[in-house]
J.: 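Provided herewith is a single structure, encoded as structure tokens, for subsequent inquiry.
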Amino acid sequence: MWPADREKAQDWIRQRLAGFVFDGQAGDIPWRGVQEGQRPAAVLVPLVWHDSGPTVLLTRRTESLSTHAGQVSFPGGKVDAEDRSVIAAALREAREEIGLAEEQVVVLGTLPQYVTITGFVVTPVVAMLQPPLQLRPEPGEVAEVFELPLQLALDGRQYEKHSYVRDGVAGHYLAMQWQQFTIWGATAAMLRLLSQALETTG
């Protein structure tokens, strides 16, 4: 279990992320390997440190988007040429999508890159946010922002394995349900990997 003190918790999470030995799977879902020509992207995995208990901040995309409409996701997107690093890209995307100011973000480390079925190599950037937050979601991209209790996100028993077939190729993905939200695919996989990195139940 993480320390109750925020600064001690930050150090604890940093150490877990830095020392994480990745076995190539999130739960029992194999990680895809990085291949030449795939496009770099980054997401921010924001942990909100409430006195009542930490949460993970997530977004639900608008229904009008051409890709991933209505899906639950982390703030993030493609790495642009002007971005200094994947961390800079994650912070920029969070600022553009939900109005998150960089001075409210303490970056703690990264998780192993996640390769999407659409050919993006996504670096999850784990960070801690100190409330209160003054967010301004971009209405063209983000339908709503919500917070998932971190205790649930780190519980491996919350994730269910599902099958899919895409372009004739079979595979599996993870999903979890919380309130009215279905968290699945890349977002669920990265949360599951976070649970492994922090060595919690499951």
J.: So if I apply the side-chain contact (heavy atoms from CB on, under 4.5 Å) rule between Leu44 and each of Val125, Ile98, Leu57, which one comes out positive?
T.: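 When Val125, Ile98, Leu57 are each tested with Leu44, the side-chain contact (heavy atoms from CB on, under 4.5 Å) holds only for Val125.
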J.: May I ask you to say whether Lys8 pairs ionically with Asp11, meaning some side-chain N is under 4.0 Å from a carboxylate O?
T.: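 No.
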J.: Would you say the side-chain atoms of Gln177 pair up with the backbone N or O of Gln179, donor to acceptor, closer than 3.5 Å?
T.: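 Judged by distance alone, yes, a pair lies under 3.5 Å.
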J.: Does some side-chain heavy atom of Leu191 sit less than 4.5 Å from a side-chain heavy atom of Tyr159?
T.: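 A side-chain contact under 4.5 Å exists here.
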J.: Determine the minimum heavy-atom distance between Pro131 and His50, stating which atoms define it.
T.: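 Looks like CG-ND1, 3.7 Å.
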J.: Out of the candidates Val34, Thr123, Leu193, only one should pair with Pro112 under the side-chain contact (heavy atoms from CB on, under 4.5 Å) rule; please name it.
T.: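 Output: one option passes, namely Leu193.
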J.: Determine the minimum heavy-atom distance between Ala26 and Ala189, stating which atoms define it.
T.: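 Result for this residue pair: CB-O, 3.8 Å.
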J.: Main chain of Gln113, side chain of Trp31: is a donor-acceptor contact present, judged purely on distance under 3.5 Å?
T.: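 Looks like yes, one N/O pair under 3.5 Å.
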J.: Would you say Arg16's side chain and Leu194's backbone share a donor-acceptor pair under 3.5 angstrom?
T.: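 Here the side-chain-to-backbone pair does not exist.
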J.: Hey, is CD on Glu160 packed in by over 12 heavy atoms from elsewhere, all under 6.0 Å?
T.: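 No, CD of Glu160 has 12 or fewer neighbouring heavy atoms, counting only those of other groups under 6.0 Å.
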J.: Roughly how far, to the nearest 0.5 Å, is NE2 of His162 from CH2 of Trp184?
T.: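 Result: 10.5 Å between the selected atoms.
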J.: Go through the steps to decide whether Thr187 and Ser73 satisfy the test side-chain hydrogen bond (donor to acceptor under 3.5 Å, both in side chains), and finish with yes or no.
T.: CA-CA 6 Å; Thr187 303; Ser73 65; 5.4 Å; no
J.: Rounded to the nearest 0.5 Å, how far does CD of Gln10 lie from CD of Gln130?
T.: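 It comes to 8.5 Å.
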J.: CD/Gln158 to CD1/Ile183 distance, rounded to the nearest 0.5 angstrom?
T.: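 CD1 of Ile183 is found 10.0 Å from CD of Gln158.
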J.: Begin from the C-alpha positions of Leu47 and Leu129 and carry the test side-chain contact (heavy atoms from CB on, under 4.5 Å) through to its verdict.
T.: CA-CA 6 Å; Leu47 310 180; Leu129 314 183; over 6 Å; no
J.: Grab the two heavy atoms, one from Gly185 and one from Tyr173, that are nearest each other, plus how far apart they are.
T.: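 Heavy atoms of Gly185 and Tyr173 come nearest at N-CD1, 4.1 Å.
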J.: Rounded at 0.5 Å granularity, tell me how far CZ in Arg6 sits from CE in Met128.
T.: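 Answer for the CZ-CE pair, Arg6 versus Met128, is 7.5 Å.
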J.: Determine, step by step, whether Phe120 and Tyr114 satisfy the side-chain contact (heavy atoms from CB on, under 4.5 Å) criterion, reporting the C-alpha distance in whole Å, the side-chain angles of both residues, the deciding distance to 0.1 Å, and the verdict.
T.: CA-CA 8 Å; Phe120 284 98; Tyr114 178 85; over 6 Å; no
J.: Got a donor-acceptor contact below 3.5 angstrom from the Asp83 side chain to the Ser85 backbone?
T.: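 Between the backbone of Ser85 and the side chain of Asp83 there is no qualifying donor-acceptor contact (under 3.5 Å).
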J.: Check this for me: does any side-chain nitrogen of one of Arg61 and Glu141 sit under 4.0 Å from a carboxylate oxygen of the other?
T.: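 No salt bridge links Arg61 with Glu141.
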J.: Would you name the heavy atoms of Val115 and Arg32 that are closest together and state the gap between them?
T.: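 Reported closest heavy-atom pair: O-NH1, 2.7 Å.
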J.: Report the distance from atom CZ of Arg92 to atom CG of Leu100, rounding to the nearest 0.5 Å.
T.: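 It is 13.5 Å, given to the nearest 0.5 Å.
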J.: Minimum heavy-atom separation for Glu93 and Lys78, please, with both atom names.
T.: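 Looking at all heavy atoms of both residues, the shortest contact is OE2-O, 3.8 Å.
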J.: To the nearest 0.5 angstrom, please state how far the CD atom of Gln151 sits from the CG atom of Leu148.
T.: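 The CG atom of Leu148 is 11.0 Å from CD of Gln151, to the nearest 0.5 Å.
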J.: Any chance CD of Glu138 has more than 12 other-residue heavy atoms, nucleotides or ligands included, within less than 6.0 Å?
T.: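 Yes, enclosed.
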J.: When you measure from the side chain of Gln35 to the backbone of Gly119, do you find a donor-acceptor pair of N or O atoms at a distance under 3.5 Å?
T.: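 Looks like no, no N/O pair under 3.5 Å.
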J.: I'd like to know if the side chain of Asp80 reaches the main chain of Glu82, judged simply by a donor and an acceptor atom lying under 3.5 Å from each other, with no hydrogens or angles considered.
T.: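 Such a contact is absent between Asp80 side chain and Glu82 backbone.
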